[in-house]
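Some notes on the structure that comes next.
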Amino acid sequence: MGNLRELIDRSRHQFLNHSSSRGNQSKLANGSYAAIDWTDPSVSVQELIVRNGEVEIGRQFHDRWPEDVTPAKSPQLAGEWLRQRIAKSGIAASNAVVSVPRRSVSLRLLELPQVDDDELAAVVSLQVESRPELASDGHVFDFLPLPVSASAVNRYVLLASVPKTVLEQIDETLAAAGLSVCASGVGELAVDSLTTVRVDGLTLNVLANYSKVEFVLSLAGVPVASHSTRMSDDNPDEIAQSIPNISARMIAALPDDLSSEVLSLVNLSGPHGSTLEQAARESCDCAVRLVNTPCNEAVRTLALLTSLSRDGHTLNFQSPRRPTDLKLAQRQQLTRYAAGVAVLAGLLGYWVHDEKSQLQNQLVTLQVSSQEQQELNDRGQKTLDAWQFVSAWQSSSVNWADEMHTFSEQLPEPGKGYLTRIQLEQPAGADVPVIRADGLAKEPEVAMAFNRKLMSIEGKYELQPHGIEPATRDSAFRSSFRVEAAIRNALTEIAPEQPK
């Protein structure tokens with residue numbers, strides 16, 4: 001009987017180890033890497049050396065792709081050109097870490113049911129599979145889980161997706177250049193790793209490059225929102241002075257339980273970080289900190305490699321987080337269960353002629369084994385329940401992503417007005433979906449113009465009139481307004497197929 005118990009315990013241990021395994025983003029090993037900041041018109045390569053979580057900068061260069069030899073036209077020829085350019089610079093690394101262009105990556109903050117960390121990847125995967133625009137055969141996705149409190153009803157993850165064609169073009173070009181891609185992510189979203197300062201509340205990381213400024217809002221080091229704008233060559237102070245308004249809009253767009261957080265710190269980095277510092281300190285009500293780096297022109301790649309070399313807590317499209325193969329785990333579980341039953345039957349047949357007390361002991365052991373097996377089945381039921389939960393959650397037939405895009409194109413110009421709340425409703429039955437929004441405007445005419453723009457889209461919206469009232473909480477925006485727009489020709493998407 002002891003042999004039977006050992007067999008069941010061993011099978012249970014193996015199953016649990018398999019069912020809890022996940023895609024793991026391990027730290028980068030010590031060594032030299034070619035850190036590549038990839039853009040369509042140009043490419044920057046830095047030789048970064050990792051030593052026990054610290055990153056040193058070696059040789060580097062920046063160059064534009066030749067007009068007739070680009071990765072889009074010929075990855076093979078572009079790779080051969082890049083190989084010669086790397087050899088000329090003296091960079092000897094054979095492994096590459098790539099910062100993917102930010103504009104090629106789509107970000108979504110997903111609200112999920114409150115599930116354990118071991119089940120989170122499965123729930124995110126089901127969310128992705130239910131969205132046609134994120135079909136797994138056309139996109140690669142990874143996600144970052146936000147910290148969750150014990151009292152939270154829901155939890156959130158930042159989902160990032162990039163077209164496979166973008167990654168394949170990068171891989172093919174770098175392979176022709178003699179480089180092996182070991183990690184790829186979004187450098188702008190890893191800038192928080194360049195500072196060890198952590199504060200309660202939200203942090204806004206402002207990466208001020210030569211032509212573009214990226215604003216990344218993060219909570220406990222995890223990005224929750226991103227916004228970009230052009231860098232002003234004539235008056236860069238305008239960018240610094242706009243930080244309070246931009247951060248306020250980004251925070252207002254967060255879910256209610258995240259928008260209650262307070263902005264506690266603004267980090268400035270990049271080539272123009274020091275240019276914005278003085279005006280930012282005068283404009284912001286929170287602490288402002290200039291993040292100094294060994295090379296301000298290589299912030300994206302330096303941030304990505306630093307994050308990967310320390311805790312690996314960043315996006316990595318080469319090694320994305322993935323759930324366990326649930327079907328394989330179920331088959332292995334049934335096989336082990338059948339083996340345990342077969343052994344048990346043999347032992348029971350042997351002991352049936354023995355003493356009554358021995359038979360009773362065997363029956364007790366069988367009951368214990370059955371209870372343990374039921375516990376394993378219950379663990380699998382949690383994942384099934386999560387799938388059903390998410391499937392029910394995705395019952396809406398409206399393609400809200402496209403509806404939000406159409407609606408947001410009608411918003412007032414930046415600086416004239418903004419939304420403080422937006423609510424999307426999909427009523428049951430034959431009722432039409434509705435977008436409800438509250439906002440603030442500098443003048444009543446701005447709100448009226450917004451309503452007129454919505455009504456000008458023929459056959460799209462049916463507006464319910466609401467008054468325009470004086471604002472109470474924002475002295476710069478004196479009028480508050482409410483919009484209730486019924487969508488008469490809503491864009492629809494195909495509902496996900498239920499599993500058989």
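As the structure is a computational prediction, the values presented were derived from the model and not from experiment.
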Check whether any side-chain N or O of [X] sits under 3.5 Å from a backbone N or O of [Y] as a donor-acceptor pair, and report yes or no.
X	Y	result
Ser307	Ala303	no
Asn30	Asn52	yes
Arg321	Phe143	yes
Glu277	Gly273	no
Asn296	Asn292	no

Is a side-chain donor-acceptor pair under 3.5 Å present for [Y] with [X]?
X	Y	value
Ser242	Asn245	no
Ser193	Arg310	no
Ser226	Glu214	yes
Ser218	Asp192	yes

Is the terminal nitrogen or CZ of Arg322 (NZ for Lys, CZ for Arg) located under 6.0 angstrom from the six-membered ring centre of Phe141 and within 45° of that ring's axis?
yes
Residue pair Ile251 / Glu261: nearest heavy atoms and the distance that separates them
CG2-O, 4.3 Å
Minimum-distance pair of heavy atoms, taken over all atoms of Tyr210 and Pro271
CZ-CB, 3.6 Å
Summary of ring-ring contact (aromatic ring centres under 6.0 Å, His included) pairs that have at least one residue in residues 100-122, sequence neighbours excluded:
none
Nearest 0.5 angstrom please: [X] [atom1] to [Y] [atom2], how far?
X	Y	atom1	atom2	value
Leu263	Asp285	CG	CG	9.0 Å
Cys284	Arg281	SG	CZ	10.0 Å
Ser161	Arg108	OG	CZ	5.5 Å

Strictly by salt bridge (Lys or Arg N to Asp or Glu O under 4.0 Å), give each pair with a member in residues 433-455 just once, sequence neighbours left out.
Arg421-Asp438, Glu425-Arg436, Arg436-Glu484, Asp438-Arg482, Glu443-Arg478
